[in-house]
A.B. asks: 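Sending over a structure as structure tokens; questions will come in a sec.
These numbers come from the heavy atoms of this one structure, side chains and all, not from hydrogens, waters or symmetry mates.
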Amino acid sequence: MNDNSTTPIEFVLLGISERTDLQTLLFAVFLIIYFFILMGNLIVFVATIYSQGLHTPMYFFLRHLSFLDICYTSVILPQMLVHFITKRKTISFLGCAMQMFFYIFLGTAICYLLAVMAYDRYLAICHPLHYIRLMTRRTCFLFVSGCWIIGLFVSLLQTWLIFSLPLCGSNVINHFFCDISPLMRLNYPSNFINNMENILAVFLVLIIPFIFILVSYILIITAISKLTVPAGRQRALGTCYSHMVSVIFFYCTAMFAYLSPKFDHSDSLGKLLSLIYTMAPAMLNPVIYSLRNKPVKDAVKEIPAKFCMSMKHYFC
């Protein structure tokens, strides 16, 4: 860019590592990770559709979580893979804006969906007699639609705020995708705007859904502690185990990344944490939700047989 106030045509992404000797290895590693994310979440998604026993609110939300995980990582990983094998690691201005838009959109929807899943467990454990009446198919659809709408609103707001600000002379982003914090450093110095923008993003995307999750689990633990039968406690906790692990893993890294005052997304630790909260949950969720979940494991085993029957019915 020749002028400090000129909008750049493209941005340069420095990526995870600038070492040329590691690019092929990194390409292979992240290609395998992307494959496992796609296959794992696709299997869970298909299993919750095909199996009649999984047509319940809990698995309805799990199906949407799997779909969101596929989309969320697909916003980042394909371009990362391309940059590992090309010398020119650039992204157009529009491409960067679109990547940030979908990253915030899908990430926010995931955060609120995790909150909805916590509320679902709260109703199932604390109000079991009213669960079927309260958590109807229409209610589930409204909850999921709300997650998408909130994600769309937050994403439009954040993307407009960031890309409406003037940019400094550099168009180099020391990150592996167009994240909020690295892009904010390219804006003209405006501590008040940057701080307010960061607080707004953290509050809307992380704090609000986390409060809902926290309150739900406080009520769940209170209800479980009143159960006199140990087997009942274990059964109730078993239905929450997978969700709790997923929430802890995602929120611990994301909150440390965005709430720590000394944190820098452009350093090695920052990039590592960004990798963890953007990719690890999507890769581990299929394992977490199926490892201790017999209905899901049984449904996954039935997929090949049902697929063959469908093909046989179609061709015959």
Side-chain angles (χ1 to χ4, degrees), residues 37 41 45 60-77 79 95-120 140-165 175-184 193-216 243 246-260 263 265 270 273-285:
I37 289 173
N41 285 283
F45 182 81
F60 175 79
F61 297 134
L62 177 58
R63 184 190 315 155
H64 282 269
L65 180 63
S66 297
F67 178 73
L68 282 169
D69 281 339
I70 291 172
C71 298
Y72 184 61
T73 51
S74 296
V75 171
I76 301 170
L77 270 168
Q79 187 184 61
C96 189
M98 292 296 290
Q99 186 181 57
M100 172 174 284
F101 170 80
F102 283 108
Y103 164 72
I104 299 173
F105 175 31
L106 297 167
T108 304
I110 288 173
C111 290
Y112 279 89
L113 183 59
L114 289 173
V116 168
M117 293 172 77
Y119 178 71
D120 172 70
C140 294
F141 177 78
L142 289 174
F143 272 133
V144 170
S145 300
C147 294
W148 285 92
I149 292 170
I150 293 171
L152 180 62
F153 168 75
V154 173
S155 182
L156 285 170
L157 178 63
Q158 284 294 113
T159 306
W160 176 79
L161 285 173
I162 290 172
F163 282 89
S164 63
L165 293 173
H175 208 48
F176 57 90
F177 73 102
C178 292
D179 199 0
I180 298 172
S181 296
L183 268 167
M184 283 170 60
I193 294 177
N194 286 348
N195 289 336
M196 289 301 295
E197 199 166 310
N198 209 13
I199 291 171
L200 179 65
V202 170
F203 183 74
L204 291 176
V205 178
L206 293 175
I207 300 298
I208 291 179
F210 184 73
I211 290 174
F212 277 105
I213 293 171
L214 193 61
V215 170
S216 296
H243 182 261
S246 181
V247 166
I248 291 170
F249 198 81
F250 178 81
Y251 274 93
C252 281
T253 51
M255 284 192 170
F256 181 76
Y258 286 100
L259 295 178
S260 176
F263 182 77
H265 280 69
L273 285 172
S274 295
L275 283 171
I276 292 173
Y277 74 76
T278 54
M279 299 177 197
M283 185 170 62
L284 295 177
N285 278 344

A.B. asks: Roughly how far, to the nearest 0.5 Å, is the NE2 atom of His64 from the SG atom of Cys71?
C.D. replies: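 It is 11.5 Å, given to the nearest 0.5 Å.
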A.B. asks: What pair of heavy atoms forms the shortest contact from Pro209 to Val205, and how long is it?
C.D. replies: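 It is CG-O, 3.1 Å.
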A.B. asks: What distance do Phe61 atom CZ and Ser66 atom OG have between them, rounded to the nearest 0.5 Å?
C.D. replies: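 Here the rounded value is 13.5 Å.
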A.B. asks: Is the ring pair Tyr277/Phe250 parallel, tilted or perpendicular, if the boundaries are 30 and 60 degrees?
C.D. replies: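 Perpendicular: the ring planes of Tyr277 and Phe250 meet at over 60°.
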A.B. asks: Calculate, to the nearest 0.5 Å, the distance between atoms CH2 and CG belonging to Trp160 and Leu157 respectively.
C.D. replies: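 The distance works out to 8.0 Å.
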A.B. asks: Going by side-chain contact (heavy atoms from CB on, under 4.5 Å), name the residues that satisfy it together with Ile207, two or more places apart in sequence or in a different chain.
C.D. replies: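 With sequence neighbours excluded, Ile207 shows a side-chain contact (heavy atoms from CB on, under 4.5 Å) to Val202, Phe203, Ile211, Met255, Leu259, given in chain and number order.
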A.B. asks: Does Phe163 have any ring pair (Phe, Tyr, Trp, His ring centres under 6.0 Å) partners at least two apart in sequence or in another chain, and if so, which?
C.D. replies: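 Once residues adjacent in sequence are excluded, the partners of Phe163 under the ring pair (Phe, Tyr, Trp, His ring centres under 6.0 Å) criterion are Phe93.
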A.B. asks: Taking only distance into account, with no hydrogens and no angle test, what donor-acceptor pairs under 3.5 Å do side-chain atoms of residues 105-120 form with protein atoms, sequence neighbours excluded?
C.D. replies:
| residue | atom | partner | partner atom | Å |
| --- | --- | --- | --- | --- |
| Thr108 | OG1 | Ile104 | O | 2.7 |
| Tyr112 | OH | Leu204 | O | 2.7 |
| Asp120 | OD1 | Tyr131 | OH | 2.5 |

A.B. asks: Take Leu62 and Phe45 through the side chain to side chain contact (heavy atoms under 4.5 Å, CB included) test and state the conclusion after the steps.
C.D. replies: CA-CA 8 Å; Leu62 177 58; Phe45 182 81; over 6 Å; no
A.B. asks: According to side-chain contact (heavy atoms from CB on, under 4.5 Å), who are the partners of Ile76, at least two apart in sequence or on a separate chain?
C.D. replies: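 Met80, Tyr103, Phe176, Phe177, Thr278, Met279.
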A.B. asks: Leu68 and Trp148: side chain to side chain contact (heavy atoms under 4.5 Å, CB included), yes or no, with the steps?
C.D. replies: CA-CA 10 Å; Leu68 282 169; Trp148 285 92; 3.5 Å; yes
A.B. asks: Ser164 side chain to Leu161 main-chain N or O, any donor-acceptor pair under 3.5 Å?
C.D. replies: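 Side chain of Ser164 to backbone of Leu161: a pair is present.
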A.B. asks: Between the side chain of Asp69 and the main-chain N/O of Asn41, is any donor-acceptor distance below 3.5 Å?
C.D. replies: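 Looks like no, no N/O pair under 3.5 Å.
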A.B. asks: Please tabulate, one pair per line, all N/O donor-acceptor pairs under 3.5 Å involving side-chain atoms of residues 95-102, not counting sequence neighbours.
C.D. replies:
| residue | atom | partner | partner atom | Å |
| --- | --- | --- | --- | --- |
| Gln99 | OE1 | Cys178 | N | 2.9 |
| Gln99 | NE2 | Val75 | O | 3.2 |
| Gln99 | NE2 | Gln79 | OE1 | 3.2 |

A.B. asks: With Ser246, which residues qualify under side chain to side chain donor-acceptor pair (under 3.5 Å), at least two apart?
C.D. replies: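 By the side chain to side chain donor-acceptor pair (under 3.5 Å) rule, Ser246 matches Asn285.
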